[in-house]
Amino acid sequence: MMIGQAMVGLHLGRDWRWDVEEKDGDLTRRSLSRSSSPLSSGIELEIVVDGASKTANWTRRIILVICVRMGLNEMNQVYSSHIRHLLQSPYSLGIVGGQKNRSVYFIGYTGEEVIFLDPHVAHSSIGSLSPQCSSSDISSFHCSLLSKFSLTSMDPSCAIGFIFNNQLELMETIRHLNKAGVLDLEEGEGVSRRNEYPLFTVFMKRPPRKDSIDVTQEDRDIAERNDFNLL
């Protein structure tokens, strides 16, 4: 679903909305026909293992997926505003997550609830998007009602998706999320822009590898005050 959303944004634009009266089958076919391989054309995946990049330098659009854990056994409420900021981003591909024993795809939020799609809902196959496909056939790929549940009932483990057309968009997003308190930013040369409850840290330069991490008394105080677990 996340890759599908990336393809919609890439070929149809982020503001595109499906309309049952619209000839969206033709629109989709025309958009995808621009590429001989719709799932990969114009997109590059950035893979980082232990801080070392396994892909080439920036050449095309990049899908970035960040795996995080927002609590030990349940989601910590201090991250609720972070989820809203992430889903507001114009470069967001949503969040893959769920509840206990249930996986879903989060696409937005309303108030204190997250809106999601369930990838496990099965539909009858209509074959390829041929000109003979009717509006009723294509409508089976869309839903008219929103499914949602409370932000705080999300499973703490999730994967946050973004798509960036260029490095400027990536840097813009990093700066914005840092100011919003979502992430810490280490710019190098001793320059740090830290927040109280960051989901993750972005290093502008590769940090030195450490076999252990120093935990300060401030870290312990924050953990105790917010029921965090230091691992």
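Residue numbers count from 1 along this sequence.
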Let's go through Thr173 and Phe164 carefully: what are the C-alpha distance in whole Å and the side-chain angles of both, what is the deciding distance for side chain to side chain contact (heavy atoms under 4.5 Å, CB included) to 0.1 Å, and is it a yes or a no? CA-CA 9 Å; Thr173 300; Phe164 301 109; 3.3 Å; yes
Starting from the C-alpha separation in whole Å, work towards a yes-or-no answer on ring-ring contact (aromatic ring centres under 6.0 Å, His included) for Phe162 and Tyr91. CA-CA 5 Å; Phe162 297 94; Tyr91 310 110; 8.3 Å; no
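The line from NE2 of His82 to CE of Met70 is 10.0 Å long, rounded to the nearest 0.5 Å. Atom OG1 in Thr201 sits 7.5 Å away from atom CG in Leu183 (nearest 0.5 Å). Remark: Ile174 CD1 to Arg193 CZ distance equals 12.5 Å, nearest 0.5 Å. Residue Lys205 holds its NZ atom at 12.5 Å from CD of Glu186, rounded to the nearest 0.5 Å. In this structure, the separation between CG on Asp184 and CG on Leu199 is 10.0 Å, given to the nearest 0.5 Å. Leu146 CG to Leu117 CG: the interatomic distance, rounded to the nearest 0.5 Å, is 9.0 Å.
Contacts classified as salt bridge (Lys or Arg N to Asp or Glu O under 4.0 Å) and involving residues 143-166 (residues at least two apart or in different chains) are not found. Pairs passing the salt bridge (Lys or Arg N to Asp or Glu O under 4.0 Å) check and including a residue from residues 4-13, sequence neighbours excluded, do not occur. Each salt bridge (Lys or Arg N to Asp or Glu O under 4.0 Å) pair with one or both residues in residues 72-99, not counting sequence neighbours, appears once here: Arg84-Glu112.
Counting only heavy atoms from C-beta outward, the side chains of Ser92 and Leu86 never approach each other to under 4.5 Å. Residues Arg102 and Phe116 are in side-chain contact: their nearest non-hydrogen atoms beyond the backbone lie under 4.5 Å apart. Between Gln77 and Leu151, every side-chain heavy-atom pair lies at or beyond the 4.5 Å cut-off. Residues Glu196 and Val78 are not in side-chain contact: their nearest non-hydrogen atoms beyond the backbone lie 4.5 Å or more apart.
The backbone N or O of Ala180 lies less than 3.5 Å from no partner atom in the side chain of Asn195, so there is not a single donor-acceptor pair. Of the possible donor and acceptor atoms, one in the side chain of Ser153 sits under 3.5 Å from a partner among the backbone N and O of Ser150.
Ring-plane geometry between Phe106 and Phe149 is classed as perpendicular, the angle between the planes exceeding 60 degrees on a 0 to 90 degree scale with a lower cut at 30.
Under the side-chain hydrogen bond (donor to acceptor under 3.5 Å, both in side chains) criterion, Thr216 pairs with Asp219, not counting sequence neighbours. Annotation: side-chain hydrogen bond (donor to acceptor under 3.5 Å, both in side chains) contacts of Gln217 (sequence neighbours excluded): Asp221.
Taking every heavy atom of both residues into account, Met204 and Glu187 meet most closely at CG-CA, 3.8 Å. A pairwise comparison of heavy atoms in Glu169 and Asn165 identifies OE1-N, 2.7 Å as the closest pair. Across every non-hydrogen atom of Gly97 and Cys158, the tightest pair is CA-CB, 4.2 Å. Nearest heavy-atom pair, Ile163 versus Ala6, reported as atom, atom and distance to 0.1 Å: CD1-CB, 4.1 Å.
Taking hydrophobic clusters as Ile, Leu, Val, Met, Phe, Trp and Tyr residues chained together by side-chain heavy-atom distances below 4.5 Å, Phe203 does not share a cluster with Leu177.
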Can you give me every donor-acceptor pair (side chain of residues 62-69, partner residue at least two apart or in another chain, under 3.5 Å) with its distance?
unit_1, atom_1, unit_2, atom_2, d
Arg69, NE, Gly71, O, 2.9
Arg69, NE, Leu72, O, 3.3
Arg69, NH1, Ser157, OG, 2.4
Arg69, NH2, Leu72, O, 2.3

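Other residues, nucleotides and ligands place more than 12 heavy atoms under 6.0 Å from the CD atom of Gln99.
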